[in-house]
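Notes follow once the structure below has been shown.
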Amino acid sequence: GGREDPDAIYWYDEAAQARAHQEKPWEGDPHYFRRVRVSALALLKMVAHARSGGNIEVMGLMQGKTDGDAIVVMDAFALPVEGTETRVNAQADAYEYMVDYSQTNKQAGRLENVVGWYHSHPGYGCWLSGIDVSTQMLNQQFQEPFLAVVIDPTRTVSAGKVEIGAFRTYPQGYKPPDEPVSEYQTIPLNKIEDFGVHCKQYYALDITYFKSSLDSHLLDLLWNKYWVNTLSSSPLLGNRDYVAGQISDLAEKLEQAENQMAHSRLGTFLMPSQRKKEQEESQLAKITRDSSKITAEQVHGLMSQVIKDILFNSVRQ
Amino acid sequence: DNSLLRQVSSLLRRLPAMESEKFQDEFLTEFNDTLLMTYLAMLTNC
Amino acid sequence: MEIERKQAELIDHFVKHAATLEAPQLASLIAEATSHPSLFAFSEILSVPNLSKLQGTQYSTSFDLLRLFAYGTWSDYKSNAGCLPALLPDQARKLKQLTVLTLAETDKVLPYDQLMQELDVSNVRELEDFLINECMYSGIVRGKLDQLRRCFEVQFAAGRDPRPEQLSNMIQTLTSWLGSSDSLLHSIQEKIKWADMMSEANKKHRKEVEDRVEDVKKSI
């Protein structure tokens with residue numbers, strides 16, 4: 001009848017994958033892969049793993065396949081390594097584990113290969129640091145097709161939606177065309193330099209999600225089981241440290257902006273033509289955006305508390 | 001339906017869900033903190 | 001709810017049996033139902049027509065006992081012990097469990113002293129053992145024992161059979177809850193409209209200001 005089977009994506013066409021690996025359509029075009037499709041299972045596992053790491057960066061690998069210009073992530077597994085932001089190729093510690101895991105997977109019937117790695121940036125947003133860029137460039141040199149995914153578990157709780165980004169790096173020396181401005185995200189002061197220096201060396205892919213009919217059923221059951229926990233939790237209470245850190249960071253940025261304004265002759269109102277041609281947001285404008293974002297999240301948290309208070313505490317017998 | 005009536009009765013007994021001075025204090029503190037943040041954000045915007 | 005699910009089958013079983021039995025067997029059925037460890041609801045059994053025929057007969061005490069288990073407490077039994085049959089240990093335990101449910105209907109925080117008085121328990125250890133083993137483990141209550149403040153904070157208590165006079169109170173509470181939920185939804189709608197309106201006004205104002213700035217720049 002022409003209706004697409006929602007579970008068809010789970011079928012692994014070994015011949016098609018082998019053909020793609022032979023043809024390597026991604027070799028000629030650094031922008032070849034544009035989309036990422038992540039399964040609900042992989043997303044849940046990655047976010048749960050990232051959250052379990054607390055303030056420590058964790059990492060893992062993703063298994064899947066390619067589908068034209070899309071990388072399909074079917075599953076993910078954690079690696080027993082930490083401190084991905086402190087050294088290049090932290091995953092080197094886990095090579096033996098990766099090999100064992102991949103081999104065992106094939107024996108267990110999961111035919112998909114490793115198509116990428118994910119790691120967490122607790123509280124500082126989804127982007128690639130210098131070390132991440134080096135690691136991903138190395139991966140793209142020797143393990144194509146390969147994808148880098150970054151998850152921020154702290155902002156996930158604060159924002160109420162999964163903070164995730166999928167990236168691929170450009171080859172060394174490649175000058176990318178002007179990309180449209182991606183969604184703004186707050187970068188803490190101590191990471192701004194690392195972010196700014198390398199932000200042109202990679203591009204973000206669009207992420208969409210999919211789930212099987214069994215996943216839908218299981219997720220419904222999970223909702224029934226955990227809705228009370230979900231309803232009674234509050235990001236205001238759970239993310240206090242993070243919010244305090246955000247406000248402190250904002251204060252430092254304000255101080256920095258104030259110092260810069262004191263030294264600048266023209267101030268930030270008139271843009272000298274020697275500066276960049278495109279309109280750049282002034283530092284104060286970015287700070288006000290950050291402050292509005294932090295406040296909006298707090299107000300959302302408070303709104304849910306007030307609504308719960310009215311619904312469940314205002315009724316008396 | 002006696003079973004339903006018992007369940008409703010049990011549910012209604014649970015309301016209000018939270019009623020204590022300590023909770024009110026914490027709740028109002030949280031409220032005030034958020035209002036203060038909003039005020040500061042407005043100042044920053046200005 | 002969990003407790004209702006557990007006793008639904010039992011209630012069915014006893015109701016079916018009660019519909020077919022004669023008076024002498026009904027009395028032993030009542031004894032069995034009131035001693036059963038997993039049954040805390042008796043209004044369905046009470047409403048079986050066969051049982052109301054027990055009133056005025058030599059088995060009317062069994063009927064009164066069933067009514068006590070449906071609506072009464074341990075104190076009610078003690079004050080009418082002469083008119084009711086002697087309770088078996090299982091029945092006594094059951095009645096005390098039901099007493100805790102009745103107390104939890106009026107207060108969320110039950111002082112140990114009140115509980116010890118109502119349940120005829122002499123010391124705190126025995127009371128806590130009873131609350132933990134007989135009440136919490138059977139799933140009829142959930143709560144916290146505060147030894148410092150000597151009280152039992154009830155978070156959840158299973159519902160007892162409601163008396164007809166309690167229905168109006170329940171209806172009123174539900175109506176009031178519905179009313180406050182409706183007005184909350186209404187307020188949320190209003191706030192959404194207000195936020196949209198403010199956003200539009202803000203955009204308009206921003207555009208006006210930008211246009212004015214451009215005009216001034218041009219004139220300069």
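So you know, we letter chains A, B, ... as the sequences are listed, proteins then strands, and number each from 1.
Annotation: C:Q117, atom CD; neighbour count of heavy atoms from other residues, nucleotides and ligands within 6.0 Å does not exceed 12. Within a 6.0 Å radius of NE2 in C:H17, no more than 12 heavy atoms belonging to other residues, nucleotides or ligands are found. Within a 6.0 Å sphere centred on CD of C:E165, heavy atoms belonging to other residues, nucleotides or ligands number more than 12. Heavy-atom contacts from other residues, nucleotides or ligands closer than 6.0 Å to CD of C:Q25 number more than 12. Other residues, nucleotides and ligands place no more than 12 heavy atoms under 6.0 Å from the CD atom of B:E21. Enclosure of atom CD in C:E9 is not indicated, since only 12 or fewer non-hydrogen atoms of other residues, nucleotides or ligands lie within 6.0 angstrom.
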Under the side chain to side chain contact (heavy atoms under 4.5 Å, CB included) criterion, do C:M170 and B:S9 qualify, and how do the steps go? CA-CA 7 Å; C:M170 280 165 60; B:S9 161; 4.1 Å; yes
Could you walk me through whether C:F42 and B:N2 pass the side chain to side chain contact (heavy atoms under 4.5 Å, CB included) test, one step at a time? CA-CA 9 Å; C:F42 305 95; B:N2 287 301; over 6 Å; no
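For a residue to count as touching a neighbouring chain, one of its non-hydrogen atoms must lie under 4.5 Å from one of that chain's; by this rule C:Q155 touches chain B with the backbone only. Heavy-atom distances place the side chain of C:I11, and not its backbone, under 4.5 Å from chain B. In this structure, chain B has a heavy atom under 4.5 Å from the backbone of C:A158, while its side chain stays farther away.
Contact annotation: the side chain of B:R6 approaches that of C:E4 to within less than 4.5 Å [non-hydrogen atoms, C-beta and beyond]. Looking at heavy atoms from C-beta onward, B:L5 lies in side-chain contact with C:L167 at the 4.5 angstrom threshold.
Evaluation of the ring pair (Phe, Tyr, Trp, His ring centres under 6.0 Å) rule for B:Y39 yields no partner, not counting sequence neighbours.
Here the straight-line distance linking atom CG of B:L11 with atom CG of C:L174 works out to 7.5 Å at 0.5 Å rounding. Distance check: C:K108 NZ to B:L15 CG gives 7.0 Å after rounding to the nearest 0.5 Å. Within the model, atoms OG1 of C:T173 and CZ of B:R13 stand 8.0 Å from one another, a figure rounded to the nearest 0.5 Å. Summarising the geometry, atom CD1 belonging to C:I140 is positioned 11.0 Å from atom OG belonging to B:S10; distances are rounded to the nearest 0.5 Å.
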